[in-house]
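Step one of this worksheet: look at the structure below.
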Amino acid sequence: AELRSFITNEQQRTRIQSQTHNLTDMCWKKCVTGPIKSGTLDKGDSTCLANCVERFLDVNIATMKHLSNMRQ
Amino acid sequence: AELRSFITNEQQRTRIQSQTHNLTDMCWKKCVTGPIKSGTLDKGDSTCLANCVERFLDVNIATMKHLSNMRQ
Amino acid sequence: AELRSFITNEQQRTRIQSQTHNLTDMCWKKCVTGPIKSGTLDKGDSTCLANCVERFLDVNIATMKHLSNMRQ
Amino acid sequence: MDSESVKRAIIKQVLTESNMANARQLIEKINDNCFDKCIPKPGSSVSSSEQTCITQCMEKYMAAWNQVNSAYLRRIQQEVGNNGGL
Amino acid sequence: MDSESVKRAIIKQVLTESNMANARQLIEKINDNCFDKCIPKPGSSVSSSEQTCITQCMEKYMAAWNQVNSAYLRRIQQEVGNNGGL
Amino acid sequence: MDSESVKRAIIKQVLTESNMANARQLIEKINDNCFDKCIPKPGSSVSSSEQTCITQCMEKYMAAWNQVNSAYLRRIQQEVGNNGGL
């Protein structure tokens, strides 16, 4: 039982990490558009990345609601 | 036997749906280039999408013929 | 034993071929930017493709070194 | 459970999974393409014009999927008619 | 080997594989995005300005990953709090 | 069937499948890249200049694949020579 809940948690962690890789890739392309000038995120990059994640998830939720309304 | 033919049909349907997802993604990027102004396809989008599928399959068939000629 | 070493070699060959497909796709997009004028690679394309592979592998090795230094 | 019920249960299970996989792929593609098109610069909330764009984009993308699907099926039929295979 | 040791061995194995898969995905994305950004025209060697760009790009990409990860986890928590599921 | 024939059959099967997977990947990449390059605006048929572009593009893409493959293999050999692993 302990092992089973460990496996379930691990599978969820893997899904979240994999989705984080996709989100980072997409939001990097949208937000970090100029040449690289330092190894840290400046204020603009940082705000854009946080907003990018939030807005993508808004769109995600809206799509699922829209499709589930259509089906009824 | 009935079950087997059901499975075979299902596998084919899945391949076609999956290819439809790829074609829609590619042809959407090629044909729907301006800003979204309505929830329906206008005449230009619609013609472009139909041509995009047909021409992509023309290229697909040409590639397979070319490669199979080369091998002989 | 002979069969096992055949399988190991084959797995390696498959990985290399699959990586070649990814590299060709990426370097084609980077190097073959103008319209297609012939069925052969001109001098510029050819130099760019060879450099593209070498420089990508340089970046690859640098990333792995950087990450393994960080971990220590 | 007799063998006929087992068969029906398997068929139902396969159809459900196949429809879910199809819906999942459609949702992913809609999210990627409509986010890209409607929210070029993500702000602190979804504006009302972005919201309109997203709703229209979803409907338009599904219309595009249906049209591509019909065109693809029509062509497959035609190729099978011509020479027995794509 | 008693059952407790077997369990610990399995947990260790799963964690190792999961961390390796995560690192592999991160390395792939860094290579693709930083090569694309820092080496637009590949020359006969990596120039020193390209080298600087690559080192900074790696660090910046990892910082972006961490920020996206936190924002994503925060949002998941919030959605679970709101209505019991994303 | 003796064990030597079984072995040869397995080897043949694995080689066939591996070559088919390689050809399938090459065809996919050629279709995507050459369609993208030669048919920017799909019309009601493939024009003769598009047809010429596609034939040349296929040959050029295969030449690119061969060159990338050689460069990659050469580099792997070199890295293995330098420090026993890529």
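Chain identifiers are assigned alphabetically (A, B, ...) following the order of the sequence lines, protein sequences preceding nucleic acid strands; residue numbering begins at 1 within each chain.
Under the 4.5 Å side-chain criterion, counting only non-hydrogen atoms from C-beta, Arg74(E) is not in contact with Val53(A). In this structure the side chain of Val68(E) never reaches within 4.5 angstrom of the side chain of His21(A), judged on heavy atoms. Between Ile10(E) and Phe6(A) there is no side-chain heavy-atom pair separated by less than 4.5 Å. Put simply, the side chain of Lys29(E) does not reach to within 4.5 Å of the side chain of Trp28(A), judged on heavy atoms. Leu57(A) is listed as a side-chain neighbour of Tyr72(E), based on a closest heavy-atom distance under 4.5 Å.
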Practice problem: Step by step, work out the side chain to side chain contact (heavy atoms under 4.5 Å, CB included) result for Arg8(E) and Leu3(A). | Solution: CA-CA 9 Å; Arg8(E) 277 202 303 272; Leu3(A) 195 57; over 6 Å; no
Quiz item: What do the steps show when you test Ile11(E) against Glu10(A) for side chain to side chain contact (heavy atoms under 4.5 Å, CB included), and what is the final call?
Solution: CA-CA 10 Å; Ile11(E) 287 179; Glu10(A) 265 307 291; over 6 Å; no
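Smallest separation of non-hydrogen atoms from Arg13(A) and Leu15(E): NH2-CD2, 3.8 Å. Leu49(A) and Ala64(E) make their closest contact through CD1-CB, 3.7 Å (heavy atoms, listed as atom of the first residue, atom of the second, distance). The shortest heavy-atom contact between Gln56(E) and Ser38(A) is OE1-N, 3.5 Å.
In this structure, CD1 on Ile16(A) lies 5.5 Å from CG on Leu73(E), to the nearest 0.5 angstrom. Considering CD of Gln25(E) and OG1 of Thr20(A), their distance stands at 9.5 Å, rounded to 0.5 Å. Atom CD1 of Ile36(A) sits about 4.0 Å away from atom SG of Cys57(E), to the nearest 0.5 Å. Going from atom OG1 of Thr24(A) over to atom CG of Asn66(E) covers 9.0 Å, rounded to the nearest 0.5 Å.
A donor-acceptor pair under 3.5 Å is formed between the side chain of Gln67(E) and the backbone N or O of Ser46(A). In this structure, the side chain of Lys37(E) engages the main chain of Gly34(A) through a donor-acceptor pair within 3.5 Å.
Atom CD of Glu2(A) is surrounded by 12 or fewer heavy atoms from other residues, nucleotides or ligands within 6.0 Å. Within a 6.0 Å radius of CD in Gln19(A), other residues, nucleotides and ligands contribute more than 12 heavy atoms.
Of the atoms belonging to Glu54(A), heavy atoms from both backbone and side chain fall under 4.5 Å from chain E. When heavy atoms are compared at a cutoff of 4.5 Å, Lys37(A) approaches chain E solely by way of its backbone atoms N, CA, C and O.
Ranked by non-hydrogen atom pairs under 4.5 Å with chain E, the options Asp25(A), Ile7(A), Leu23(A) are led by Asp25(A). Ranked by heavy-atom pairs under 4.5 Å with chain E, the first of Asp58(A), Thr14(A), Asn60(A) is Asp58(A).
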